[in-house]
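Okay, so here's the structure we're looking at.
Here, residue 1 is the first one in the sequence, and each next residue gets the next number. These numbers come from a predicted model, not from an experiment.
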Amino acid sequence: MNGYQKYKEKSIYSMSGPELLLLLYDEAIKRLTRAEMSLEDKDYKDFEDCLERVSRIVRYLIDILDMSYPISRDLRRIYNYLVFDISRINAGRERQKDEIGRIRNILSELRDAFDQASRMVGDNHIVREKSVFG
């Protein structure tokens, strides 16, 4: 593992829970943008890879939900819908490309809501960067 990889891993391990959650949302949003560009370029392999990564992120968000909170049921429904919609986009490609922006918008709104909520409860985290590299 090179120095950059070690630095990146160490910075991830030192993040708070809300920062990690925002990082997941940022990565999913970035991948949806990339999927949209790949579809326009007719790079279907990258398009499918991006959608698969977004789907894995959303499924992970489902897995980490704390179901002891009432809002978790609603979030699980939203996430399940997003996984379903991502699979529809992947199957329909050109016919479903307008859906990518809608999913990105939903994830952006959820990201902003979690960021705002974490600030309200006193977790004064600082989001280092809005984009994720790698």
message = Run D49 and K45 through salt bridge (charged side-chain N to carboxylate O under 4.0 Å, His left out) and show every step you take.
response = CA-CA 6 Å; D49 179 57; K45 182 167 176 22; over 6 Å; no

Any chance you could lay out the side-chain contact (heavy atoms from CB on, under 4.5 Å) test for L110 and L61, step after step, and finish with the verdict?
CA-CA 12 Å; L110 287 170; L61 291 172; over 6 Å; no

Any chance you could lay out the side-chain contact (heavy atoms from CB on, under 4.5 Å) test for D85 and R88, step after step, and finish with the verdict?
CA-CA 5 Å; D85 219 20; R88 273 184 359 145; 3.0 Å; yes

Checklist entry - Does the pair I100 and R104 meet the rule for a side-chain contact (heavy atoms from CB on, under 4.5 Å), with working shown? => result CA-CA 6 Å; I100 295 173; R104 188 177 47 240; 4.1 Å; yes

What verdict does the side-chain contact (heavy atoms from CB on, under 4.5 Å) test give for I57 and Y25, after you've listed the backbone C-alpha separation in whole Å, the side-chain angles of each residue and the deciding distance to 0.1 Å?
CA-CA 8 Å; I57 290 169; Y25 278 115; over 6 Å; no

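Annotation: side chain of Y81 is not in contact with side chain of I86 (no heavy-atom distance under 4.5 Å). Looking at I89 and L39, their side chains never come closer than 4.5 Å, going by heavy atoms from C-beta outward. Looking only at side-chain heavy atoms (C-beta outward), L75 and F114 come within less than 4.5 Å of each other.
To the nearest 0.5 Å, atom OG of residue S108 and atom CG of residue L32 are 8.5 Å apart. Rounded to the nearest 0.5 Å, atoms CZ (R111) and CG (L22) are 4.5 Å apart. With values rounded to the nearest 0.5 angstrom, E19 atom CD is found 11.0 Å from D26 atom CG. Rounded to the nearest 0.5 angstrom, R34 CZ and F47 CZ are separated by 13.0 Å.
A salt bridge is defined here as a Lys NZ or Arg NE, NH1 or NH2 lying under 4.0 Å from an Asp or Glu carboxylate O, and D115 with R119 meets this definition.
Take D41 and apply the salt bridge (charged side-chain N to carboxylate O under 4.0 Å, His left out) test, not counting sequence neighbours, and it matches no residue. Legend: residues meeting salt bridge (charged side-chain N to carboxylate O under 4.0 Å, His left out) with E52, ordered by chain and number and at least two apart, are R59. Listed by chain and residue number, nothing satisfies the salt bridge (charged side-chain N to carboxylate O under 4.0 Å, His left out) test with D43 (two or more places apart in sequence, or in another chain).
S55 contributes no side-chain N or O that, together with a main-chain N or O of L51, makes up a donor-acceptor pair within less than 3.5 Å. Although no hydrogens or angles enter the test, the distance criterion places a donor-acceptor pair under 3.5 Å between the side chain of S72 and the main chain of D66.
No single ILVMFWY cluster, assembled from side-chain heavy atoms under 4.5 Å apart, contains both I106 and F84.
Side chains of E109 and N105: a donor on one and an acceptor on the other come within 3.5 Å.
Other residues, nucleotides and ligands contribute only 12 or fewer heavy atoms inside 6.0 Å of the CD1 atom of I71.
Shown are K30, M37, R31; of these, the side-chain contact (heavy atoms from CB on, under 4.5 Å) with T33 is made only by M37.
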